[in-house]
Each structure stands twice: as structure tokens, then as C-alpha cells.
*Asks:* 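A single structure is presented below for examination.
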Amino acid sequence: MIVSKFGGTSVASAEQIKKVASIIKADSKRKYVVVSAPGKRFEQDLKVTDLLINLAYAALNGENTEQCLHAVIDRYKEIALGLNLELLICDVIEKDLQSRLSMDHSNKELFVDSIKASGEDNNAKLISTYFTSIGIPARYMCPKSAGLVINDFPERAIALPEAYENLQNNLQNTAEVIVFPGFFGYTKDGLLRTFERGGSDITGSILAASVKAELYENFTDVDSVFCANPKVVNCPVEIEEITYREMRELSYAGFSVFHDEALMPVYKAKIPVCIKNTNNPSAPGTKIVSSRKVNRRPITGISADSGFSILYVSKYLMNREIGFGRKLLQILEEEHISYEHTPSGLDDISVIFRSHQLTPEKENRIIKRVTEELHAEDAHFRHEFSMIVIVGEGMNNSTGLAARAATAIARTGANIEMINQGSSEVSLSFGVHQSNENKILQELYQEFFASVTIG
Ligand SMILES: Nc1ncnc2c1ncn2[C@@H]1O[C@H](COP(=O)(O)OP(=O)(O)O)[C@@H](O)[C@H]1O
Ligand SMILES: N[C@@H](CC(=O)OP(=O)(O)O)C(=O)O
């Protein structure tokens, strides 16, 4: 059996959903269909998830929600009309949205998660109805009744181990095509929680691992994963095969084509992944595999992601103080901050983490504690950083890559604030100011890909 996930761009309109139906009809092994909320129909369009976030905050702020509500309903109405469906499905969707809006607002995170998740939930119901209307026996499956149990971490939920057994018991041996909404699950107490943005990829991965699928297909709007973001580098080289750990490193650092947290479930279950194009399903796509022969190119991809902050701490003889690092990280842990890298020197250390975890109050508390409790001579935050990562299974057998990368970055005139070699040696990260991100990506691409041809 195959699990096929269709991202927002693949289900953004009636025309796109008809392509999805053709893909499902083309292979009877495609029994599990995970769908996102309708995405962008064109570059400047808004994703339904973003419309729903606007709706949720309008409600929380006590504003009139009519305009936001109808912006969402009109999207589904447009799709339903395009698919020649009875508009009854739109009444169901409107009633569902009104019901969610009437929920208690006191738990803001729960309210926002519930409104956000309605995008996928209602799209799955609509697509299931459409499949049935064109002769594909299909049924919608609610993540709650399917047993997709997750932890109670708003907007960044993680599936619990029992979810896999639940899903296996409730999903396998199905005669119909199961249409399953991505992006959310339920806690053991029955609370709805969403994954991170782009999290429908995670749902597909969990389902594939649960039903022991022979393949997890991730349908999007590009023919393959490219060596660099095609929105930054013009016509980048396509990747035919990439390992799970290369894809995790690149996805985490900006390859938004696939969510980095979607890799572990299929990796552990040894399920191959193929990233394909809904608009060109015959293209081979990019296969994500456990291992691959390393070709002449040591670097597989280059990616970048902005939105990082650095906490810089200095104290003379820090290297002699046992437990200093632990105490510093303990302070961050108590502020619920996870971190990415901690490059350090003899008398100083930098902690790099995603800026969205910070608030001005947290920053002040951290600086105060680091200064008073750890007696640091200097402690301050710096913001607006990007992490540039070069990734490749061939890196650990290649010499001079770091020098070539640093020289390429120097050619852009940008300053390197931090360098970090991943312990697995399949990645090398550079911290730079985010204003330099794109020009560095383009220069690194020239250095490692533009002149290299693969025989
Ligand atoms: N290295 C990459 N390879 C391919 N696509 C990439 C890469 N980095 C970023 N992207 C972007 O990811 C987009 C697909 O992801 P997304 O917009 O989330 O689609 P979907 O709606 O299918 O989830 C592509 O259109 C492309 O612009
Ligand atoms: N719709 C949700 C979840 C998702 O995965 O979307 P997409 O498949 O379009 O990346 C979001 O926008 O985050």
C-alpha cells in the first residue's frame, strides 16, 4: 500500500483536486490520501491556513469575523462548484466553522489550533465527497477516531508512540481510499493540537510508518527537490536521490518542500519516500533513501533559514568552571528555549536558537540570571541571523570544503558570525546576518554546483 500526501498547492482549487483524483485512480495501491488545506492558487494568493489564522485572531480580538469567515467559506465554495458538488458540503463546512468559533476562547492556543486545523479537516471531507462522486470508493477518517494521539504542545505537537499502533489497527485492511486530514491530532485528553506549519508532511509520515506502507509519496508543485531553493537560485540542479539525514539537515534549514520532522517516522520504519509533482506525476521525483552511492559531487544541497538569535556570554576562565555550560543551558531550559548550536571559546560561549522562542521579558530575565547567577562579565543577545548549511554524505571524505565555502562567503563581503561542523560530518553550518542570506546562497551554489557536471 502507498500513502500519498498532497500539499496545499495540490489541493488549492478544483482543477488541482481533479489532478489528485487522476493520480489516485492511476494506482490502486494508493489507499491512504493525506491532504492539506487549500494552498496558494497563485504566487500572491493566501493559503486557507493563513485565512483561518486571521479568522482566529479576529475572534480573539473581539473583531467582526464575518469577512474573515466568508473568505474561508468562499474558497471551499469555489472548489465545490468547480467539482460539481452539491453546495450542501459548504453548509457542513460553515456549520463546522461556526461551531469552532463558538468554542471557549479562554484557552487561546486551543482555540487557534482548532480553527487552524479546520482547514485540513474540511478539505478532507470535501475531497472524500468528491472522490465518491466520481466513483472512487472513499471515506474521510477523523484523526481522533483513528487514534492519532499527540503530546500537548500547541502548534508544535509530536506523535506519541501509541499513535502508531492505534493507526495500524484502525486504518489497515481498508476497502475504500482513506482521506485523512494532515496537520493535527488529539492529546490523550481529547484536545486538538496542530503540528508545526507544513505539518501535513508529518501526518503522512506517521500514517506510512503505522500501516507499514511500501512507499510514502509526497506530492507538491515541483518535479523534484533541488540542490538549492528555486526561489533563490535560478534553475538549480535536481536531486535524484537523497538520504534521510541529508534531507533532515536541509529541510530543517529551509528546504520548505518537506518538513524536517516528517523524516524520522519513515526512517525508523525503513519506508522510502518520493517527492513528486502533482502537476507532472510522471516525473521520477526525488527519492529519500537510507543510503546511496556518493557521486563525484560531495555536496548534495545548500539551504538557508532566517529567524535565529545568538545569546553571547563571556567570563574569564569559563573553560575552568565545571558545570558552567550546564547552568547556562539550565536557565534556557527553564525559559522553555531549545537551542541549535553552542560554539564556544576559552572564555566565551554562544548559544544559537530560533528567535520565535524569545520575548523581551524572557530576554531580560535570561540576561539578569546569567549575570547574577553565573557572574558573567558580558551577556547579550543578537538577532536577525540566518543559518546557511551545506550538506552531503560525501563531505566526510572530502578535504577543503570548509575553506571553499568560507572563501565563497568572503567573496560576498559578508561576515561569518559562527561556523559549526555537524558531528555526523554530513553538514557544515555558517551563521550570518540574514540580510546576506540570498547572496551567500547564490555564491555557494556557484562554488559547488554551477561548474560541476556529473558523468
Ligand atoms: N530545495 C528545494 N527543492 C524544491 N522546492 C523547494 C526547495 N526549497 C524550497 N522549495 C519550495 O518548496 C515549495 C513546495 O513546498 P510547499 O510550498 O510547502 O508546497 P506544498 O503546498 O505542496 O506543501 C516549492 O514550490 C519551492 O518553491
Ligand atoms: N496547511 C498547513 C499544513 C501544511 O502542511 O500545509 P502544506 O502541505 O501546504 O505545506 C500549513 O499551511 O502549515
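Sequential numbering from 1 along the given sequence is applied to the chain's residues. In what follows, every heavy atom counts, from backbone to side chain, and hydrogens, waters and symmetry copies are set aside. One-based numbering, in listed order, for ligands and for the atoms of each. Keep in mind the model is a prediction, meaning the values are calculated, not measured.
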*Asks:* Is it true that the NZ or CZ of R354 lies under 6.0 Å from the centre of Y252's six-membered ring and within 45 degrees of the ring axis?
*Replies:*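 So R354 does make the cation-pi contact.
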*Asks:* Is it the case that ligand 1 has an N or O less than 3.5 angstrom from some N or O of G254?
*Replies:* no
*Asks:* Should you measure from each heavy atom of V225, which atoms of ligand 1 turn up under 4.0 Å away?
*Replies:* 3 (N), 4 (C)
*Asks:* Are more than 12 heavy atoms from other residues, nucleotides or ligands located less than 6.0 Å from atom NZ of K77?
*Replies:*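 Counting other residues, nucleotides and ligands, NZ of K77 stays at 12 neighbours or fewer.
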*Asks:* Between Y186 and F184, how do the two ring planes meet: parallel, tilted or perpendicular, split at 30° and 60°?
*Replies:* perpendicular
*Asks:* Yes or no: does S256 have any heavy atom under 4.0 Å from an atom of ligand 1?
*Replies:*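 Yes, S256 has a heavy atom closer than 4.0 Å to ligand 1.
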*Asks:* Count the heavy atoms of every other residue, nucleotide or ligand shown that sit under 6.0 Å from CD of E66, and state whether that count exceeds 12.
*Replies:*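 Buried by this count: over 12 neighbours within 6.0 Å.
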*Asks:* Tell me whether the centres of the aromatic rings in F6 and F219 are closer together than 6.0 Å.
*Replies:* yes
*Asks:* With heavy atoms of T220 as the reference, note each atom of ligand 1 found under 4.0 Å away.
*Replies:*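 Answer for ligand 1: 14 (C), 15 (O), 19 (O), 20 (P), 22 (O).
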*Asks:* How far is atom 25 (O) of ligand 1 from the closest protein heavy atom, and which atom is that?
*Replies:*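 The closest one turns out to be D221 OD1, 2.8 Å.
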*Asks:* Just wondering, more than 12 heavy atoms not from H336 lying within 6.0 Å of its NE2?
*Replies:*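 No.
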*Asks:* Answer yes or no for S10: is there a heavy-atom contact with ligand 1 below 4.0 Å?
*Replies:*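 Heavy atoms of S10 never come under 4.0 Å of ligand 1.
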*Asks:* So among N122, I89, I73, which one has a side-chain contact (heavy atoms from CB on, under 4.5 Å) with E94?
*Replies:* I73
*Asks:* Taking the non-hydrogen atoms of E238, is any one of them nearer than 4.0 angstrom to ligand 1?
*Replies:*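 Distance cut 4.0 Å: E238 fails for ligand 1.
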*Asks:* Check ligand 1 against S224 and write out every atom of the ligand that is under 4.0 Å from a heavy-atom position of the residue.
*Replies:* 4 (C)
*Asks:* Looking only at protein heavy atoms, identify the closest one to atom 26 (C) of ligand 1 and say how far it is in Å.
*Replies:* P230 CG, 4.0 Å
*Asks:* Heavy atom of G198 under 4.0 Å from ligand 1?
*Replies:* no
*Asks:* Which one holds for K47 and ligand 1: side chain close, backbone close, both close, or neither close, with close meaning a heavy atom under 4.0 Å?
*Replies:* neither
*Asks:* Has Y339 got more than 12 heavy atoms of other residues, nucleotides or ligands less than 6.0 Å from its OH?
*Replies:*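 12 or below, so no.
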*Asks:* Short list, please: which atoms of ligand 1 are under 4.0 Å from a heavy atom of T9?
*Replies:* 19 (O), 20 (P), 21 (O), 22 (O)
*Asks:* Check side-chain hydrogen bond (donor to acceptor under 3.5 Å, both in side chains) between E162 and all other residues, then give those that pass, not counting sequence neighbours.
*Replies:* K188
*Asks:* Is there side-chain contact between T9 and Q16, with heavy atoms separated by less than 4.5 Å?
*Replies:*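 No, every pair of side-chain atoms sits at 4.5 Å or beyond.
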*Asks:* Name the closest protein heavy atom to atom 5 (N) of ligand 1, giving the residue it belongs to and the distance to 0.1 Å.
*Replies:*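 Its nearest protein heavy-atom neighbour is V257 CB, 3.7 Å.
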*Asks:* Find all atoms of ligand 1 within a distance of less than 4.0 Å from any non-hydrogen atom belonging to V222, and give their numbers and elements.
*Replies:*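 With V222 as reference, the close atoms of ligand 1 come out as 4 (C), 5 (N), 24 (C), 25 (O).
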*Asks:* Does any donor atom in the side chain of H383 or S309 lie under 3.5 Å from an acceptor atom in the other side chain?
*Replies:* yes
*Asks:* Just by distance, no angles: are the side chains of E417 and N415 close enough, under 3.5 Å, to form a donor-acceptor pair?
*Replies:* yes
*Asks:* Verify the contact flag for atom 17 (O) of ligand 1, where contact means a protein heavy atom under 4.0 Å away.
*Replies:* no
*Asks:* Please list, one pair per line, the donor and acceptor atoms closer than 3.5 Å that link side chains of residues 236-248 to other protein atoms, with sequence neighbours excluded.
*Replies:*
| from | atom 1 | to | atom 2 | distance (Å) |
| --- | --- | --- | --- | --- |
| T243 | OG1 | E246 | N | 3.2 |
| T243 | OG1 | E246 | OE1 | 3.2 |
| T243 | OG1 | E393 | OE2 | 2.6 |
| Y244 | OH | I271 | O | 2.3 |
| R245 | NE | E393 | OE1 | 3.2 |
| R245 | NE | E393 | OE2 | 3.0 |
| R245 | NH2 | E393 | OE1 | 2.8 |
| E246 | OE1 | T243 | N | 2.9 |
| E246 | OE1 | R292 | NE | 3.0 |
| E246 | OE1 | R292 | NH2 | 3.4 |
| E246 | OE2 | R292 | NH2 | 2.6 |
| E246 | OE2 | T300 | OG1 | 2.6 |
| E246 | OE2 | E393 | N | 2.8 |
| R248 | NH1 | D260 | OD2 | 2.7 |

*Asks:* Could you tell me which atoms of ligand 1, counted from 1 in the order shown, lie closer than 4.0 angstrom to a heavy atom of K231?
*Replies:* 27 (O)
*Asks:* Go through the side-chain N and O atoms of Y140 and D121 and say whether any donor and acceptor fall under 3.5 Å apart.
*Replies:* yes
*Asks:* Contacts table for ligand 2: protein N or O within a distance under 3.5 Å of ligand N or O, distances only.
*Replies:*
| from | atom 1 | to | atom 2 | distance (Å) |
| --- | --- | --- | --- | --- |
| ligand 2 | 1 (N) | T49 | OG1 | 2.7 |
| ligand 2 | 1 (N) | E120 | OE2 | 2.6 |
| ligand 2 | 5 (O) | G198 | O | 3.3 |
| ligand 2 | 5 (O) | G199 | N | 3.3 |
| ligand 2 | 5 (O) | S200 | N | 3.0 |
| ligand 2 | 5 (O) | S200 | OG | 3.4 |
| ligand 2 | 8 (O) | K5 | NZ | 2.8 |
| ligand 2 | 8 (O) | S36 | OG | 2.7 |
| ligand 2 | 9 (O) | G8 | N | 3.0 |
| ligand 2 | 9 (O) | K47 | NZ | 3.0 |
| ligand 2 | 12 (O) | K47 | NZ | 2.9 |
| ligand 2 | 12 (O) | R197 | NE | 3.4 |
| ligand 2 | 12 (O) | R197 | NH2 | 2.9 |
| ligand 2 | 13 (O) | R197 | NE | 2.7 |
| ligand 2 | 13 (O) | G198 | N | 2.7 |

*Asks:* Does anything in residues 20-64 form a ring pair (Phe, Tyr, Trp, His ring centres under 6.0 Å)? List the pairs, not counting sequence neighbours.
*Replies:*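 Residue pairs with at least one partner in residues 20-64: there are none.
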*Asks:* Does S303 approach ligand 1 within less than 4.0 angstrom via side chain, backbone, both or neither, non-hydrogen atoms only?
*Replies:* neither
*Asks:* Given F255, F6, F258, F226, which has its nearest heavy atom closest to atom 3 (N) of ligand 1?
*Replies:* F226
*Asks:* Just jot down the ligand 1 atoms closer than 4.0 angstrom to any heavy atom of K5, in number order.
*Replies:* 23 (O)
